[in-house]
Amino acid sequence: MRLRTIVALIVTVATVAAAITALPAGGATEKKKVLKLGWAQDVQTLNPFVAQDEENFRVWALDWDLLVNFSPDDLTPTPGIAKSWKVSPDKKSVTFKLIDAKWSDGVPITSADVKYSLDVLGTNGLIFSGYTSNVTKIDTPDAHTVVIHTSQPDARIVGGLFIYIIPKHIYGKESVKTLTGNYQPKLPMVGSGPFIVTDFEHGRILKMDRNPRWRGEKPKYDEIQFIKYGNTDAVIRALKLGEIDAMWEVEPTGYNQLEHASGITPVRSSSPSFTELSFNLCNKTNCPDAKFNPGVQDRTVRQAVAYAVDRNRLNAISSRGTSFVGYGLLPPYYKAFYSKPADDYPLDVDKANKLLDDAGYKRGGDGVRSKGDVKLSFDLFVRSESPSDIQAAKLIAEDSKKIGVDFKVQVVSVDKLTEITTQKKNGKMAPDFDTFVWGWGGDPYDPSALLKLVTTSEIGGSSDSFYSNPEYDQLFKEQTAEFDPAKRKEIVQRMIALTQRDLPYLVLTYDPVLEAYRTDRLSNVSLECPKPNGDAFCQQVSYDPLLTIGPGGGDSGGGSSAGIFIAIAAVLIAVLTIVLIRRRRGGGPREPLELET
Amino acid sequence: VSPRWLAGKVGAALLTFAFVLVFNFFLFRVMGDPTTQLARLPRATPQQIEKLRHNYGLDKPLVGQFLDYASDTLHGDLGISQRTRRPVSTEIKEALPWTLLLVGTGTVLATLLGSWMGVIAATRRGKPADDGLLGFSLFTYAAPEYWLGILLILVFAVWIPILPAGQQMTPGEDFSSWFAQAADVAEHLILPGIAMTLTLLGQYFLIMRASMVDVLTEDFITVKRAIGQPWDRVVRRHAVPNALLPLVTLSAIQFGLVVGGSITIETIFSWPGLGELSFNAINDKDFPVLEGTFLIYSAGVILANLAADCLYFFLDPRVQAT
């Protein structure tokens, strides 16, 4: 075959293929109502025993219920698998009455499922353990009653057991070793929520169909698709082009872009996580071999830094104004327990300078203050993977210079930062840092996970400020045992006041939930979790919004015109090629014959 | 083919492979331990992290881990991904065809187009056509591939939205037939395919042009023309086949290299190939997947080199003589 025959053949095939693409695909059957969501991260595995990512919760929260769900109004306890509950007089046991409902495969949901989930998933699930640490016994007197006994009163039993109730008749058949190993849940993933996973292609798409035995009102959508894109830019583009209806994980840079896009509604709401400047407060008893500058252990210095750092500017620059300025350990997301603390450290450089003057710190020749041997010059570690944290650290250093406190910003890997904050010597903690910038996230309703971070018992665990205050520890115990939300809030507020005075953490910003949806595609969107300006989809927390959100007027999909354009392009190329071949065939020798001498 | 010559080449390839196996393992261990990130899970207890390390086999001494790794790999077991808990071989099996499709299309198109352009430029040396082609090739050769990719997306998916900007097929679509799916894949292949082709085009062009210029100044060409053969025929029949030699080797070696080198293009176009797989594995510190993909990359380069050597053996009689 001659080259030009091959070329002609290729062109013909390409033209035919393009023409076929242009044809409308398939017969016009009743169109399924599909909600298309785009994301750049994929679910790694659906197995609840080993998964560790937020993406999983986004899917699980639609597939399964908790024993007690989170109310989309304010995240307070609302019926889930349990329709009602009663706390015993000694507060050491709670009796739950279960709903009368079935799993998506038709098997009734019973107390055995609850006991199995709390016992087995609550002990072996990597991100589900720790919640049942006070549970001594779980009784199931009948198929619809569960009694949870605890060693001490534990308010987390109602509203703080973030352990999904999974079907025992599916998972109970497998050994724990298999479940914590390479087990992959079979599809459809049997559940109790309004949607269940029916199809999962790694790196491409995850589909959830309506649960045929869903007990509540019928969702407006037949199917939800989580479509995986290569990066967030691609997701934003897909949203602008209308390939998807909404995106659930927007990054600050992308959010600024979407704010100005027409036909797209960006949503910014609070979340249970924060970014903080952490100080090394470990004392000689807990950490005899720790290395740090004694200056950070002077409360006055920390308070002065808190007055000197402009958190408004820090938020505007490091997170491009998408985060919220922080006022203490507990974000306003914890609507039931939050109020703004009295000590909120507004920007006041003069006050900061006065605090340090009064404490006897004198400025040296280089502008850095010192008192005796103690020079206010600190290491400030920050993770290399977070550009916004690095920016925040630089701003802290810049602001603190004005009050004669010197921060040496050191960008290190996550592993390095983990190492210097968790290392041990002779069986005791030996953290090797002055300060660092990092963040934490908590649970949707119960504040214990965040409040616990600065308790003495967490030293050696998740405490990275090594703060130790018996009064705070006592209050932590009290709030854990308090079932009355109003009284609990009062205790929590006292704890926040202590941490605002002592500042183991200077909370810089509260991280946001950033999302966006196409205004023409979705209807009935309201901002919940918590109301009135929360997350439009209640990601990871509640399936309620997806029962009411419905398709809007705009048509989903499209792309039929693309085929036509391709066909035209292909025809053009074909014509061009033919012309070229013709010209060459007709052309004679172009180069004059030159003979070398 | 002399058996000794072949045995020597295969032996060298195997030796390289063995070195890669050892190097791979220790290279990724430098990155740290995937379980360290878990320390930031507020409720992950030290006991749990220990259990996880045990599950991953990370609590064994490094030499023990290496022996496990080497023996498993030699048995064809690439291990289990720490993130998805699926066999690494499955992950690679799913990704490899997509990479081969993209890289294959790119290499074939770049070779064809590049050599064609090379011939045109060489036969019109010093003329505007040559200058134009040279400028164009140097530009695409020098342009970063991610920039070309983004530009293509901007023009053909955003400004004139006629082509899909990413993925290998329309997400969530149920295809009525095999053919409809193939057409959809072809449509999605256009932009990344063009980006791949443009990135590779330059070097093929430059090599072909240089090689053609060399051949065209040789005596036998002058003789052919002197005996009155038409110019077109001289170029096609006598100059091009001789000039193709260096191109074949480049093409073969390049194919092995670009399997790994398409990471940026795959990431930009959300193309679910090996590049994206390794990119994600790096982010997740998923050692088994990284070791698996790098093994494939290395095997690709080694095999391509071996193939190029063998090709040369057949194409160039001078190699056979030695």
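Chain identifiers are assigned alphabetically (A, B, ...) following the order of the sequence lines, protein sequences preceding nucleic acid strands; residue numbering begins at 1 within each chain.
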Partner set under ring-ring contact (aromatic ring centres under 6.0 Å, His included) for B:Phe156, not counting sequence neighbours: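 B:Phe156 satisfies ring-ring contact (aromatic ring centres under 6.0 Å, His included) with no residue once adjacent residues are dropped.
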
Using a cut-off of under 4.5 Å for heavy-atom pairs, which of A:Asp233, A:Asp199, A:Asn182, A:Ile244 has the most such pairs with chain B?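 Looking at each option in turn, the highest pair count goes to A:Asn182.
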
Atom [atom1] in [X], atom [atom2] in [Y]: separation rounded to 0.5 Å?
{"X": "A:His202", "Y": "B:Leu277", "atom1": "NE2", "atom2": "CG", "answer": "11.0 Å"}
{"X": "A:Arg204", "Y": "B:Met169", "atom1": "CZ", "atom2": "CE", "answer": "4.5 Å"}
{"X": "B:Ile153", "Y": "A:Arg237", "atom1": "CD1", "atom2": "CZ", "answer": "4.0 Å"}
{"X": "B:Arg83", "Y": "A:Asp53", "atom1": "CZ", "atom2": "CG", "answer": "4.0 Å"}

Of all heavy-atom pairs between B:Thr84 and A:Thr45, which one has the smallest distance, and what is that distance?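 Reported closest heavy-atom pair: O-CB, 3.7 Å.
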
Quick check: do B:Arg85 and A:Val50 have side-chain heavy atoms less than 4.5 Å from each other?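 The answer is yes, as the side chains (C-beta and beyond) meet within the 4.5 Å cut-off.
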
Among B:Ser270, B:Ala157, B:Ala95, which has the most heavy-atom pairs under 4.5 Å with chain A? B:Ser270

Set out, in order, the CA-CA distance, both residues' side-chain angles and the distance that settles side chain to side chain contact (heavy atoms under 4.5 Å, CB included) for B:Glu276 and A:Lys228, then state yes or no. CA-CA 12 Å; B:Glu276 215 194 32; A:Lys228 160 86 171 74; 3.9 Å; yes

Is B:Arg233 close to chain A through its backbone or its side chain, or both, or neither, when contacts mean heavy atoms under 4.5 Å? neither

